[in-house]
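A short write-up of the structure that comes next.
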Amino acid sequence: MTMTDRLKTVFGHLQSETHVHTQRSSASSLVHTGSPRFRYTRPGGFLTESQRQFYEDNGFLVIKRLVPHQKLDMYRDRFEKICRKEVVDYVKAIIGDEVNAIHTMLINKPPDPGKKTSRHPLHQDLHYFPFRPADKICCSWTAMEVVNRENGCLVVLPGSHKGGKLLQHEYPQWEGGVHILYHGVRDFDPTHPRSHLLMDPGDTVFFHPLLIHGSGMNRTKGFRKSISCHYASSDCEYINVRGSEQEKMADEIVNMVLKKHKIIDRSKITFEDIWRYKLKPVRGTKD
């Protein structure tokens with residue numbers, strides 16, 4: 001059975017009406033103690049008292065149709081495309097046959113709290129990578145819902161990758177602040193034309209790591225979701241960023257990793273080590 005067939009089978013089970021739930025359960029297979037004590041659940045949440053009691057008694061609880069079918073269809077289609085590596089075919093046309101995934105994210109852009117901190121300053125992705133050449137690196141960015149200027153779509157400076165140069169980055173001096181590691185390009189032509197990428201669910205943009213881009217505020221009350229993945233060719237080689245404009249950023253990332261994993265000895269890990277760990281081969285000439 002193929003991955004696609006298995007996926008369809010799983011979703012078929014999820015959508016089946018024969019699943020056990022709190023209102024339709026076999027008395028012979030489920031435990032109902034009637035105990036008023038709540039040990040495994042917490043008050044004040046989404047669960048009703050009967051749902052809490054069911055979980056207390058049985059150790060599980062099925063919430064029917066929690067995710068709308070249209071969203072499941074969208075997620076399933078995206079997952080199947082990833083399994084078939086269809087997106088990678090486009091990446092191969094840009095960076096070559098030997099493809100490695102180097103950074104993947106599900107971006108959940110929050111509503112702006114009123115301080116404009118949901119903005120992402122204009123930047124170049126190469127600023128964060130310790131490998132070259134830039135032309136062998138590519139990003140794919142897929143909208144999981146309608147993305148527009150209201151919820152903070154991507155904005156790009158078309159042609160800005162042609163300079164062939166990594167510009168200096170720093171934290172922008174924005175009132176209200178900016179998220180950690182949200183560095184922005186320090187010097188660029190403010191008159192350069194900009195394009196706002198309005199996208200529908202499933203639309204994917206591929207872009208060069210030197211392209212100057214960012215995103216605006218999310219002025220809606222919902223979260224703006226997208227999937228981002230960076231790819232690099234096996235032809236890329238690691239570089240030493242010490243003494244370059246990337247050094248400060250590299251130190252920030254290393255310090256974050258050291259703190260998260262409670263590592264005291266800084267010599268135990270380097271910026272290059274982090275990226276080597278993250279790299280995953282996804283397509284090559286031997287496939």
Side-chain angles (χ1 to χ4, degrees), residues 4 7 11 67-95 99 101-113 116-129 134-135 137-162 172 178-179 181-185 188 192-232 282-283:
T4 299
L7 184 66
F11 274 95
V67 180
H69 280 197
Q70 60 268 27
K71 287 191 176 181
L72 290 176
D73 291 339
M74 181 175 67
Y75 300 152
R76 177 171 59 239
D77 180 66
R78 174 62 175 160
F79 181 75
E80 289 182 1
K81 287 183 178 179
I82 292 175
C83 291
R84 295 193 297 267
K85 301 181 180 179
E86 290 184 5
V87 175
V88 179
D89 290 333
Y90 287 91
V91 175
K92 285 177 59 179
I94 297 173
I95 68 174
V99 180
I102 55 175
H103 188 47
T104 55
M105 296 182 291
L106 194 156
I107 302 171
N108 199 34
K109 190 180 184 72
D112 195 88
K116 301 181 179 180
T117 53
S118 65
R119 292 178 294 176
H120 197 152
L122 291 171
H123 64 282
Q124 297 167 304
D125 286 347
L126 191 65
H127 172 67
Y128 298 97
F129 301 147
D135 293 346
I137 303 170
C138 177
C139 177
S140 72
W141 196 98
T142 300
M144 295 181 68
E145 56 194 312
V146 173
V147 176
N148 51 36
R149 297 188 68 168
E150 189 66 19
N151 62 11
C153 65
L154 290 179
V155 56
V156 302
L157 275 58
S160 56
H161 67 298
K162 293 180 181 179
V178 65
H179 293 297
L181 286 174
Y182 273 35
H183 299 173
V185 173
F188 66 96
H192 194 292
R194 302 185 182 191
S195 292
H196 293 82
L197 305 185
L198 309 183
M199 302 170 71
D200 291 320
D203 289 355
T204 301
V205 56
F206 298 89
F207 56 89
H208 193 279
L210 285 177
L211 182 77
I212 298 175
H213 67 287
S215 64
M217 283 191 296
N218 182 358
R219 297 181 175 87
T220 70
K221 295 182 179 180
F223 287 77
R224 190 267 280 151
K225 296 178 174 62
S226 60
I227 299 172
S228 173
C229 185
H230 284 85
Y231 300 94
V282 294
R283 178 66 66 86

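As the structure is a computational prediction, the values presented were derived from the model and not from experiment.
- Side chain of Tyr128 to backbone of Leu181: a donor-acceptor contact under 3.5 angstrom is found.
- The distance from the CD1 atom of Ile102 to the CD1 atom of Ile137 is 5.5 Å, given to the nearest 0.5 Å.
- Residue Pro121 comes nearest to His183 through the heavy atom pair CG-O, 3.6 Å, listed as atom of the first residue, atom of the second, then distance.
- Under the 3.5 Å distance criterion, the side-chain polar atoms of Asp135 are left unmatched by any main-chain donor or acceptor of Ile95.
- Residues Leu197 and Cys153 come closest through the heavy atom pair O-CB, 3.4 Å.
- Taking each heavy atom of Asn151 and Val146 in turn, the nearest pair found is ND2-O, 2.9 Å.
- Between His230 and Phe207, the ring planes lie perpendicular to each other; the angle is over 60°, past the 30° to 60° tilted range.
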Might you work through the side-chain contact (heavy atoms from CB on, under 4.5 Å) test for Thr104 and Ile227, ending with a clear yes or no?
CA-CA 8 Å; Thr104 55; Ile227 299 172; over 6 Å; no
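- Taking the six-membered ring for Trp and thresholds of 30 and 60 degrees, His120 and His123 have nearly parallel ring planes, at less than 30 degrees apart.
- A donor-acceptor contact shorter than 3.5 Å is absent between the side chain of Asn218 and the backbone of Ser118.
- Residues Ile212 and His192 are not in side-chain contact: their nearest non-hydrogen atoms beyond the backbone lie 4.5 Å or more apart.
- Taking all atoms of both residues into account, the shortest heavy-atom contact from Ala134 to Pro209 is O-CG, 3.2 Å.
- A 4.5 Å side-chain heavy-atom check between Met144 and Leu106 finds at least one atom pair inside the cut-off.
- Proximity of Leu198 to Asp203: side-chain heavy atoms (C-beta onward) are nowhere separated by under 4.5 Å.
- Contact of the Val87 side chain with the Phe206 side chain is registered, since non-hydrogen atoms from C-beta on lie closer than 4.5 Å.
- Taking the side chain as every heavy atom from C-beta outward, Tyr231 and Val282 approach each other to under 4.5 Å.
- Nearest heavy atom pair, residue Arg219 against residue Arg149, reads NH1-O, 3.6 Å.
- Put simply, the side chain of Arg224 reaches to within 4.5 Å of the side chain of Ile107, judged on heavy atoms.
- Separation of atoms OG1 (Thr204) and CE (Met199) is listed at 6.0 Å; rounding is to 0.5 Å.
- Once rounded to the nearest 0.5 Å, the distance linking NZ of Lys225 with CG of Asn108 reads 4.5 Å.
- The environment of NZ in Lys116 is sparse: at most 12 heavy-atom neighbours from other residues, nucleotides or ligands sit within 6.0 Å.
- In this structure, His213 NE2 and Ser195 OG are separated by 14.0 Å, a value rounded to the nearest 0.5 Å.
- Closest of all the heavy-atom pairs between Thr220 and Pro111 is O-CB, 3.2 Å.
- Rounding to the nearest 0.5 Å gives a distance of 7.0 Å between OG of Ser160 and CD of Gln124.
- In this structure, the separation between OG on Ser228 and CG on Leu154 is 8.5 Å, given to the nearest 0.5 Å.
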